[in-house]
Protein chains: 2
Amino acid sequence: MKSEWEIFAAYLRKNGIRRSEQRENVLDVFLKTEKHLTIEELYFLSKKKSPEIGYATVSRAMKVICDAGLAEKVDFEDGITRFEHKFGHEHHDHLVCVNCGTFIEVRNDEIEKLQEKMAKSKGFTIIRHKLQLFGLCRECQNK
Amino acid sequence: MKSEWEIFAAYLRKNGIRRSEQRENVLDVFLKTEKHLTIEELYFLSKKKSPEIGYATVSRAMKVICDAGLAEKVDFEDGITRFEHKFGHEHHDHLVCVNCGTFIEVRNDEIEKLQEKMAKSKGFTIIRHKLQLFGLCRECQNK
DNA sequence: ATACCTGCAAATGTTTTGCGACTAA
DNA sequence: TTAGTCGCAAAACATTTGCAGGTAT
């Protein structure tokens with residue numbers, strides 16, 4: 001199985017995109033952090049390796065990384081875009097706590113099947129979907 | 001059963017918010033349009049009744065209208081916020097065509113139940129949820 | 001050499017906020 | 001009278017784009 005880096009290299013080659021230290025540092029930071037990072041967080045973490053890096057470069061790097069299929073944007077409706085790992089992670093939905101902001105990734109095949117069925121009955125072909133459950137996590141309920 | 005206007009009036013009274021022609025015109029436009037309107041659309045439509053109205057006033061009015069439980073923000077990930085009717089409309093999900101932008105409102109009780117179950121198993125209490133299925137509608141598939 | 005890439009600053013695009021004037025209650 | 005509202009312009013906010021100089025291939 002190909003690693004993220006191999007996929008990235010192949011994507012760059014195929015699209016005539018050059019290698020660059022900054023972009024690779026952004027990817028490295030992204031891959032090493034098992035958390036949904038914002039561009040701002042990626043920016044500050046990348047600064048440790050590339051102190052001169054600009055916000056725009058991080059933004060551009062994440063676009064390439066998303067296009068390469070390694071990352072995906074997530075929007076929890078708080079106005080900030082986060083990125084989650086895509087490669088090697090099967091599709092999942094999110095349970096988001098509206099109080100503390102923590103979230104859990106969940107998956108339910110039965111729901112996925114029903115979605116497919118529902119779309120088909122309306123003549124739609126689903127390309128992707130987004131299911132977010134907003135509520136209170138166990139801890140926040142007990143406060 | 002209370003009408004939207006009665007609910008609105010009650011909400012204003014309860015929260016010490018005054019009546020205003022502009023706000024009522026925005027609400028009137030919103031209620032009379034069975035479509036997911038953007039602030040910009042609401043702004044232009046409201047201008048017909050209140051030519052001097054400002055964008056900010058429409059934005060502020062929609063906030064009050066949402067708070068009163070009559071409208072709800074919808075985000076189809078195209079960067080523009082739309083508003084849909086909430087009062088007297090039961091919860092539903094959206095099937096959105098990524099090609100032409102049209103959408104259908106759908107509802108599936110079985111999915112709702114499974115969501116509840118899934119959340120409960122993780123200790124979450126759901127307050128609201130959002131399910132969006134992005135794909136191609138019948139017409140766009142045949143092109 | 002030639003595109004691609006970079007950091008910076010400026011631009012973008014949508015929505016919100018500050019302000020002095022206005023007005024409903 | 002007085003606190004909520006208004007329209008306008010400016011601010012806010014996250015992200016993107018233009019540009020002139022730098023760099024991988």
Side-chain angles (χ1 to χ4, degrees), chain A residues 8-30 36-68 71-83 101, chain B residues 5 8-30 36-68 71-83:
Chain A
F8 192 60
Y11 178 81
L12 296 188
R13 219 176 303 123
K14 189 176 167 190
N15 294 79
I17 300 171
R18 291 192 192 142
R19 295 183 55 192
S20 91
E21 195 185 309
Q22 289 90 331
R23 188 154 40 213
E24 296 192 344
N25 280 338
V26 172
L27 177 56
D28 188 56
V29 163
F30 172 69
H36 291 42
L37 295 167
T38 63
I39 292 193
E40 201 179 358
E41 289 168 331
L42 286 159
Y43 170 58
F44 284 112
L45 290 171
S46 301
K47 253 188 176 326
K48 290 183 186 168
K49 301 184 161 197
S50 302
E52 8 57 54
I53 203 170
Y55 198 99
T57 302
V58 179
S59 176
R60 286 189 270 233
M62 287 315 293
K63 184 170 184 347
V64 175
I65 292 168
C66 283
D67 291 346
E72 189 162 43
K73 286 189 176 184
V74 200
D75 175 11
F76 288 161
E77 318 213 306
D78 59 357
I80 303 162
T81 300
R82 269 162 260 261
F83 294 89
Chain B
W5 284 102
F8 192 60
Y11 178 81
L12 296 189
R13 220 176 304 122
K14 189 177 169 190
N15 295 78
I17 300 172
R18 290 193 191 141
R19 296 181 55 193
S20 91
E21 196 184 309
Q22 289 90 333
R23 188 155 40 212
E24 297 192 343
N25 280 339
V26 173
L27 178 56
D28 189 55
V29 163
F30 172 70
H36 290 43
L37 295 168
T38 63
I39 293 193
E40 200 178 359
E41 289 169 330
L42 286 159
Y43 170 58
F44 283 113
L45 291 170
S46 301
K47 253 187 176 323
K48 291 182 185 169
K49 301 183 160 196
S50 302
E52 7 57 54
I53 204 170
Y55 197 99
T57 302
V58 179
S59 175
R60 286 188 269 234
M62 287 314 294
K63 183 169 184 347
V64 174
I65 293 168
C66 283
D67 291 346
E72 188 161 43
K73 286 190 177 184
V74 200
D75 175 12
F76 287 160
E77 319 213 306
D78 58 357
I80 303 162
T81 300
R82 269 162 260 259
F83 294 89

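Note that the structure is a prediction, hence the values are computed from the model and not measured. Labels below follow one simple rule: chain letters A, B, ... track the order of the sequence lines, proteins then strands, and each chain is numbered from 1.
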Asks: Report yes if the side chains of B:S50 and B:E52 come closer than 4.5 Å at any heavy-atom pair, otherwise no.
Replies: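 Yes, their side chains come closer than 4.5 Å.
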Asks: Sequence neighbours left out, what passes side-chain contact (heavy atoms from CB on, under 4.5 Å) with A:R18? Give chain and number order.
Replies: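 A:R18 satisfies side-chain contact (heavy atoms from CB on, under 4.5 Å) with no residue once adjacent residues are dropped.
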Asks: What string of B, S and - do you get for nucleotides 1-7 of chain D, 5' to 3', when a contact is any protein heavy atom under 4.0 Å?
Replies: -BBBSSB
Asks: Would you kindly give the CG-to-C1' distance between A:N25 and C:dC5, to the nearest whole Å?
Replies: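 One finds 14 Å between C1' of C:dC5 and CG of A:N25, rounded.
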Asks: Give me the atom names and distance for the closest heavy-atom approach of A:V58 to A:I53.
Replies: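 What the structure gives for the nearest pair is CG2-CD1, 4.0 Å.
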Asks: How many Å lie between CG on B:L42 and P on C:dT15, as a whole number?
Replies: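 Roughly 10 Å, once rounded to whole Å.
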Asks: Looking only at heavy atoms, what is the nearest atom pair of A:H36 and A:F76, with distance?
Replies: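 Where A:H36 meets A:F76 most closely, the heavy atoms are CD2-CZ, 4.4 Å.
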Asks: Do you know which two heavy atoms are closest between B:V74 and B:F83, and how far apart they sit?
Replies: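 Distance-wise, the nearest heavy atoms are CG2-C, 4.3 Å.
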Asks: Test of understanding: with ring pair (Phe, Tyr, Trp, His ring centres under 6.0 Å), list the residues that count as partners of A:Y11, not counting sequence neighbours.
Replies: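 None.
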Asks: Round to a whole Å and report the spacing from OH of B:Y43 to P of C:dT16.
Replies: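 One finds 15 Å between P of C:dT16 and OH of B:Y43, rounded.
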Asks: Counting only side-chain N and O atoms of A:S59, is one of them less than 4.0 Å from OP1 or OP2 of D:dT16?
Replies: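 For D:dT16, OP1 or OP2 has a side-chain N or O of A:S59 closer than 4.0 Å.
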Asks: Rounding to an integer number of Å, can you tell me how far A:D78 CG sits from D:dC13 P?
Replies: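 Whole-Å distance recorded here is 14 Å.
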Asks: Rounded to whole Å, how long is the line connecting atom CD1 of A:I39 with atom P of D:dT17?
Replies: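 These atoms are roughly 12 Å apart.
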Asks: In whole angstrom, give the distance that lies between atom CZ of B:F83 and atom P of C:dT14.
Replies: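 The distance from CZ of B:F83 to P of C:dT14 comes to 14 Å, rounded to the nearest Å.
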Asks: At their closest point, which heavy atom of A:F30 faces which heavy atom of A:M62, and how far apart are they?
Replies: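 Looking at all heavy atoms of both residues, the shortest contact is CD1-CE, 4.0 Å.
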Asks: If you compare every side-chain N and O of B:Y55 against the phosphate oxygens of C:dT14 (OP1, OP2), does one of them come in below 4.0 Å?
Replies: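 For C:dT14, OP1/OP2 do not have a side-chain N/O of B:Y55 under 4.0 Å.
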Asks: Send over the distance from A:I65 CD1 to C:dC5 P, rounded to a whole Å.
Replies: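 Nearest whole value for this atom pair: 13 Å.
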Asks: Whole-Å distance between C:dC5 C1' and A:L27 CG?
Replies: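 So the two atoms are 16 Å apart, to the nearest Å.
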Asks: Regarding B:T81, tell me which of base, sugar-phosphate or nothing describes its non-hydrogen contacts under 4.0 Å with the strands shown.
Replies: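 Counting heavy atoms under 4.0 Å across all strands, the contact made by B:T81 is with sugar-phosphate only.
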